[in-house]
Amino acid sequence: MSVPLTFDGKVVLVTGAGGGLGREYALAFGQRGASVVVNDLGGNAKGEGKNSAAADKVVEEIKAKGGKAVANYDSVEDGEKLIQSALDAFGRIDIVINNAGILRDRSFSRLSELDWDLIQRVHLKGSFNVTRAAWNHMKEQKFGRIIMTASAAGLYGNFGQANYSAAKLGLLGLSNTLAIEGRKLNIHCNTIAPIANSRLTQNIMPADILENLKPEYVSPLVLWLCHEQCEETGALFEVGAGWIGKLRWERSPGHVLLRKNHPMSPEAVRDQWDNICDFKDASHPATVNESLMSMLSMLNKEPAGDGLVANPTSSLGHNPAQAVGYKFPDHTFSYTEMQCILYSLGVGMSTKDPDHLRFLYEGHENFACLPTYGVIISQAAVMDSGLTNIPGLEINPTQILHGEHYLKCYQPLPTSGTLISKATILDILDKGSGAVIIINVSTYQGQRLVCSNQWSVFVVGAGGFGGKKSSPHAETTAPPPSRAPDAVVVESTTKEQAALYRLSGDRNPLHIDPSFSAMGGFKDPILHGLCSFGFASRHILKQYANNDPARFCAIKVRFVKPVLPGQSLQTEMWKEGNRVHFQCKVKETGSLTLSGGYVDLYEDQTSDPKALQPAADLQSRLVFAEIGRRIQASGAGLVEQVKGVFGWEITQDGKTIAQWTIDLKNGAGALHEGPYSGKADVSIAVSDADFMALVQGKVNPQQAFMAGKLKIKGNIMLGQKLDIILKDVAKL
Ligand code: NAI
């Protein structure tokens with residue numbers, strides 16, 4: 001035989017317990033060891049009058065059976081007094097059954113304001129007042145069980161009960177939210193819609209039916225829902241005649257009306273009515289998030305790119321393009337050696353590998369910070385609250401996905417320090433099913449540019465505003481060569497990988513909280529994409545750069561599919577000069593998780609002293625960094641003056657050793673290392689030394705051109721605007 005459910009030590013308040021269902025609950029709780037406060041105002045079914053006899057009688061019945069009970073005769077409108085009775089008599093309150101109720105039935109046209117108000121006051125406001133008075137006690141003791149009493153009249157509507165139906169369904173809404181707020185406090189709140197023989201039903205149902213609707217058939221559900229073993233919360237049940245059923249929302253898959261050449265219109269709604277209302281393949285969203293996610297997944301089923309119609313009112317805001325050039329507030333990030341070590345552990349470093357010690361032990365002679373820690377430094381500048389506070393953009397944080405990432409290090413990251421990050425919206429792209437916001441973040445230590453990040457953030461469902469589809473400023477992924485990989489490294493993540501990685505800064509519950517990840521449709525919390533990114537980059541650093549962070553120049557990657565903590569990552573690498581192409585798979589499933597990736601390495605100075613001067617040490621690099629900073633600072637000002645795209649090639653011994661694009665034509669202007677993806681208006685080739693001579697004013701551009709030191713192709717007239725760009729930048 002199973003163990004009986006008891007309530008020893010628990011204090012229960014049952015409102016309206018002088019008769020009907022309430023009496024039954026009070027007796028049942030009393031019989032199973034609870035101390036019971038039997039509340040009843042003792043009026044008639046319409047709420048008129050008052051009398052202490054009803055509550056007293058039930059108290060006597062409980063006591064006669066050996067139970068503990070006290071009476072309370074206040075109206076539930078005075079919720080505090082009811083809870084005070086429990087505290088005075090028994091010192092605590094554990095369980096509240098909101099049951100008291102009256103009826104004032106009238107057809108809607110005859111319903112008076114008094115009929116309306118009385119019903120709301122007793123049912124809805126009464127339950128609110130009693131529950132609120134109990135809430136903080138439950139919160140402090142980390143235990144509480146609450147029942148709200150709804151009714152089929154509220155769930156389905158019932159002739160002559162407009163006031164009652166409204167109050168009863170209001171109680172369900174109240175319960176839904178209390179369940180959410182109470183979850184972490186072990187306060188559960190459920191709603192029942194009972195059906196039972198009582199004075200409220202006596203005149204409206206035939207006697208033979210009422211015979212089967214005994215109130216004692218309802219109390220077992222109430223007792224179970226209130227027991228400490230019961231995990232149920234936020235649920236709704238219909239109960240009566242010995243039967244119990246659970247209810248939930250069902251939603252039709254619905255229909256996306258807004259498509260190319262099909263604007264949203266009342267006619268479109270009419271024409272699609274059958275599809276909108278078709279419940280085949282219905283879903284059952286149980287939370288606001290699930291509701292939103294499943295709606296968005298419908299939108300995502302539309303063809304990406306051009307499936308949706310250009311719509312001037314995207315969910316991003318009225319004119320998202322206006323936010324291009326927006327500068328986030330400067331962000332200061334301080335860290336110590338401990339954070340570098342924590343990050344290294346987060347991306348899977350271990351003392352099992354002796355090579356890893358330099359990233360895990362601050363006393364190591366070559367102690368270093370992993371280069372990919374640069375993403376963490378920039379992350380707070382963009383993500384914390386920045387992204388959701390951009391003037392003119394309305395971004396729902398639950399709709400954001402990290403699409404791609406680019407990181408470039410100009411020097412090894414310091415192992416501790418205070419760095420300042422400056423973030424700017426470089427571009428906003430319209431991908432149809434969503435928008436891509438491209439954000440550049442430059443991070444400085446004092447005046448020195450340490451690293452830069454480019455975040456490509458995909459906002460699901462925010463496309464369709466008629467914006468451009470690509471950006472000349474975006475760092476693009478690169479497909480790997482078609483041959484078999486040159487090297488493959490497989491490494492398992494641990495079950496705790498996400499729990500560890502999140503301590504470095506990304507605390508999104510998606511990576512730790514099973515209920516949250518379930519809402520996103522994942523069976524378990526998923527690993528951070530940037531954690532896999534950290535794994536892959538250190539695989540490459542070890543394979544091709546002897547774990548030397550000074551060799552790390554840049555990394556670009558696209559995030560494809562999530563990884564679950566505990567799965568193994570397989571990094572496949574192809575070396576092409578100083579570029580290592582890579583992609584990452586989940587070993588167990590074979591599915592691609594990071595694609596189109598590459599890591600650019602600086603030349604190895606230690607192994608080949610005659611090697612080309614590393615691009616990192618070019619003097620012109622500092623000048624370009626300064627130009628980039630100026631472009632950011634001037635917003636669209638320089639673009640107005642110059643209106644051109646400059647492609648720069650820095651040469652050495654006739655070979656190009658670095659390329660830069662200065663775009664002063666599009667958006668708010670931009671600088672990036674590498675060639676322009678389109679055709680630059682003017683291309684300039686110059687050696688590092690001659691470039692420095694130029695910016696320092698030692699030679700003027702005309703002289704350099706005539707002497708063959710400056711090669712200009714394309715719109716030579718634009719060359720005359722070089723002064724505007726180069727003026728004073730050498731004073732670093
Ligand atoms: P009932 O009339 O036997 O019990 C309600 C009790 O609440 C009465 O004893 C009454 O004196 C008390 N009460 C009324 N106003 C009060 C106030 N302001 N403060 C304190 N006590 C007050 O009715 P029954 O059927 O037991 O109803 C219990 C609950 O179940 C009610 O909320 C009712 O709306 C709900 N319900 C009942 C159904 C049924 O089939 N019996 C169907 C659907 C809902």
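Read the numbers this way: they start at 1 and go in the same order the structure lists the ligands and their atoms. Just so it is clear, the model here is predicted, and its values are computed rather than measured.
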Enquirer: Under the side chain to side chain donor-acceptor pair (under 3.5 Å) definition, can you give me all pairs with a residue in residues 36-45, not counting sequence neighbours?
Expert: N39-N72, N44-E48

Enquirer: Applying side chain to side chain donor-acceptor pair (under 3.5 Å), which residue pairs with at least one partner in residues 4-15 are found, sequence neighbours left out?
Expert: K10-E228

Enquirer: Decide yes or no for L13 and I93: does some side-chain heavy atom of the first lie under 4.5 Å from some side-chain heavy atom of the second?
Expert: yes

Enquirer: Answer yes if the ring centres of H511 and Y501 are under 6.0 angstrom apart, and no otherwise.
Expert: no

Enquirer: Looking at K214 and E211, is there a salt bridge between them, counting it only when a charged N and a carboxylate O are closer than 4.0 Å?
Expert: yes

Enquirer: Under 3.5 Å, sequence neighbours excluded: what are the donor-acceptor pairs made by side chains of residues 216-226?
Expert:
{"unit_1": "S219", "atom_1": "OG", "unit_2": "E216", "atom_2": "O", "d": "3.4"}

Enquirer: Can you pull the residues with any heavy atom under 4.0 Å from ligand 1?
Expert: G16, G19, G20, L21, N39, D40, L41, G42, G43, D74, S75, V76, N99, A100, G101, I102, V122, H123, T149, A150, S151, Y164, K168, P194, I195, A196, S198, R199, L200, T201

